[in-house]
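In what follows, a single structure is set out as structure tokens and then discussed.
Within every chain, numbering begins at 1; the chains are lettered A, B, ... in the order of the sequence lines, protein sequences first and strands thereafter.
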There are 2 protein chains.
Amino acid sequence: MATKAGKAAKQVRDAEATRTAILDAAEAEFAQYGLNAAKTEEIAAKTGVTKAMIYYYFKSKEDLYVAVLERIFFGRYMDSIQPEELEQLSPEEALEKLIRRQIATDFHHPHLNPIQIHEALQNQGKYYKHVLSSDRAQQAFGIVTRILERGVAEGCFRKLHPQHTVMNIMGACNFYFTAYENMKYLWQGAPLLSPETVEQHTQEVVDLILAGVRNQNNR
Amino acid sequence: MATKAGKAAKQVRDAEATRTAILDAAEAEFAQYGLNAAKTEEIAAKTGVTKAMIYYYFKSKEDLYVAVLERIFFGRYMDSIQPEELEQLSPEEALEKLIRRQIATDFHHPHLNPIQIHEALQNQGKYYKHVLSSDRAQQAFGIVTRILERGVAEGCFRKLHPQHTVMNIMGACNFYFTAYENMKYLWQGAPLLSPETVEQHTQEVVDLILAGVRNQNNR
DNA sequence: AAATTAATTAACTGACCTGTTAGTTAATAT
DNA sequence: ATATTAACTAACAGGTCAGTTAATTAATTT
């Protein structure tokens with residue numbers, strides 16, 4: 001929709017659209033397999049183009065992978081979480097909103113977490129370094145950490161370690177999605193990924209974490 | 001030490017030892033890459049034998065993978081957690097011990113979690129199904145869930161959903177290790193995987209979760 | 001409408017990777 | 001000591017995969 005496209009989508013050839021389609025297919029492939037086990041042939045097949053197209057738009061599989069990483073982090077993650085907005089709220093309100101947004105993001109962008117995890121496990125974060133070291137990322141996580149620091153300072157949260165707590169909250173939010181495919185064998189019956197159970201998961205995490213950080217002596 | 005070995009270890013050829021060495025190397029390789037991206041050649045090299053040895057002891061890469069899965073789950077995980085023992089304790093004590101054991105297991109068997117995660121993401125739990133459906137696994141997780149149910153029934157835990165809470169606790173315990181390689185770029189300085197910080201992580205999770213599940217109305 | 005440029009494909013190359021085979025060396029039994 | 005079995009290796013076969021090349025078709029410009 002950015003370029004000149006009279007009727008859009010009706011074009012047979014559309015560089016922008018093809019590039020995006022490749023990124024979309026690559027995102028799905030990398031989410032399932034990570035950089036190493038992902039197959040360019042498979043990405044091309046999912047896109048509906050020839051493998052050569054990948055190398056027309058991207059230098060290499062590695063280059064495509066980095067493009068996917070950057071797009072999903074800056075495009076999807078940061079936009080969904082909106083850390084800046086949380087600064088206006090009280091620590092409790094901000095924390096609850098953060099949790100709800102985090103889980104909603106996991107649910108609506110199911111590739112985000114798998115890609116990050118594969119990157120950590122397979123490549124030790126090598127390709128993620130420049131993303132997470134960027135000013136935008138540092139600032140965003142600074143804001144998140146400061147929500148907890150503010151809570152402690154204001155006395156509504158108990159004395160806790162902000163960075164550890166941020167990680168533990170992320171763990172509680174994410175594990176449900178990460179481990180779903182294994183967990184389904186443990187507690188059968190329940191359809192673990194239905195909107196209803198995700199809503200229940202959200203409420204459980206909110207209750208657990210807010211009770212977990214609240215200062216009992218205060219009030 | 002099981003077979004007849006006068007001076008043990010001094011043998012040049014030792015089937016049992018070689019098989020175990022292959023399993024060890026495979027465990028490390030699968031933990032980093034998962035089934036699909038793991039290379040048999042690499043496993044052989046790590047073991048210090050020829051690739052053909054893998055096929056002497058195991059039918060296929062898949063077969064070796066399943067052997068690794070079973071060994072690490074039944075051998076390492078179940079032995080470390082000892083769910084049966086937790087049944088004797090009060091819900092609070094049991095829950096704290098469970099958390100401490102879970103994290104200690106993650107720390108001392110760093111391959112366990114990565115393998116499980118890769119299995120979920122890459123293979124949708126296909127090769128884990130028979131493991132988690134087994135009586136031993138079902139019973140163990142039943143015990144864990146029942147700790148929470150007991151706590152709710154006895155009134156020391158607030159009204160919570162046991163299965164969701166088990167997952168959220170596991171998430172808080174595991175995420176620290178899973179995401180470490182990415183997280184190190186966010187909060188530099190601190191050596192995130194030193195014994196000291198792992199101890200701190202443990203205490204933070206214990207504090208967070210116990211406060212999070214405790215019933216405030218009850219005393 | 002013809003010429004030019006951009007998007008796309010088919011077919012290929014060379015490296016790599018799983019699994020095999022046939023032969024070799026060490027341990028064990030006779 | 002010799003024969004037999006068990007553990008192990010070197011070398012290879014066949015398939016797969018990342019990346020390339022040369023030709024083709026669609027869009028754009030003149």
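OP1 or OP2 of D:dA18 has at least one side-chain nitrogen or oxygen of A:Thr40 nearer than 4.0 Å. Not one side-chain nitrogen or oxygen of A:Tyr55 sits closer than 4.0 Å to the OP1 or OP2 atom of D:dT20.
Between the C1' atom of D:dT20 and the CZ atom of A:Phe58 lies a distance of 18 Å, rounded to the nearest Å. One atom, NZ of B:Lys59, and another, P of C:dG19, lie 11 Å apart when rounded to the nearest Å. A:Lys39 has its NZ atom 18 Å from the P atom of C:dC16, to the nearest Å. Rounded to whole Å, the distance from CD on B:Glu41 to P on D:dA11 is 13 Å. The NZ atom of B:Lys61 sits 14 Å away from the C1' atom of D:dG15 (whole-angstrom rounding). For the pair B:Ile43 CD1 and C:dC17 C1', the computed distance is 12 Å after rounding to whole Å. Spacing between atom NZ of B:Lys51 and atom P of D:dA13 amounts to 13 Å, rounded to whole angstrom units.
Within the structure, ring pair (Phe, Tyr, Trp, His ring centres under 6.0 Å) contacts touching residues 100-119 of chain B (residues at least two apart or in different chains) are A:His118-B:His118.
Minimum heavy-atom separation, A:Tyr185 to B:Gln138: O-NE2, 3.1 Å. Among all heavy-atom pairs drawn from A:Pro114 and A:Ala31, the shortest one is CB-O, 3.3 Å. In terms of heavy atoms, A:Ala15 sits closest to A:Tyr57 at CA-OH, 3.2 Å.
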Candidate pair B:Tyr65 and B:Phe30, rule ring pair (Phe, Tyr, Trp, His ring centres under 6.0 Å), full reasoning: CA-CA 8 Å; B:Tyr65 178 69; B:Phe30 288 133; 4.9 Å; yes

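Donor-acceptor pairing under 3.5 Å is lacking for the side chains of A:Gln139 and A:Glu84. Side-chain atoms of B:Tyr128 and A:Glu181 form no donor-acceptor pair, as typed in the model, at a separation below 3.5 Å. B:Asn36 and B:Asn123 share a donor-acceptor pair across their side chains, judged by distance under 3.5 Å alone.
Below 30°, between 30° and 60°, or above 60°: for A:Phe141 and B:Trp187 the angle between ring planes is above 60°, a perpendicular geometry.
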Pick out the pairs of N or O atoms, protein on one side and nucleotides 1-8 of chain D on the other, that lie under 3.5 Å.
{"unit_1": "D:dA7", "atom_1": "OP2", "unit_2": "B:Tyr56", "atom_2": "OH", "d": "3.1"}
{"unit_1": "D:dA7", "atom_1": "N3", "unit_2": "B:Arg13", "atom_2": "NH1", "d": "2.8"}
{"unit_1": "D:dC8", "atom_1": "OP1", "unit_2": "B:Thr18", "atom_2": "OG1", "d": "3.0"}
{"unit_1": "D:dC8", "atom_1": "OP2", "unit_2": "B:Thr18", "atom_2": "OG1", "d": "3.1"}
{"unit_1": "D:dC8", "atom_1": "OP2", "unit_2": "B:Tyr57", "atom_2": "OH", "d": "2.8"}

What's touching nucleotides 1-3 of chain C from the protein side, N or O pairs under 3.5 Å?
none

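At a threshold of 4.0 angstrom between heavy atoms, the contacts of B:Ala38 are confined to the sugar-phosphate backbone, with no base atom among them.
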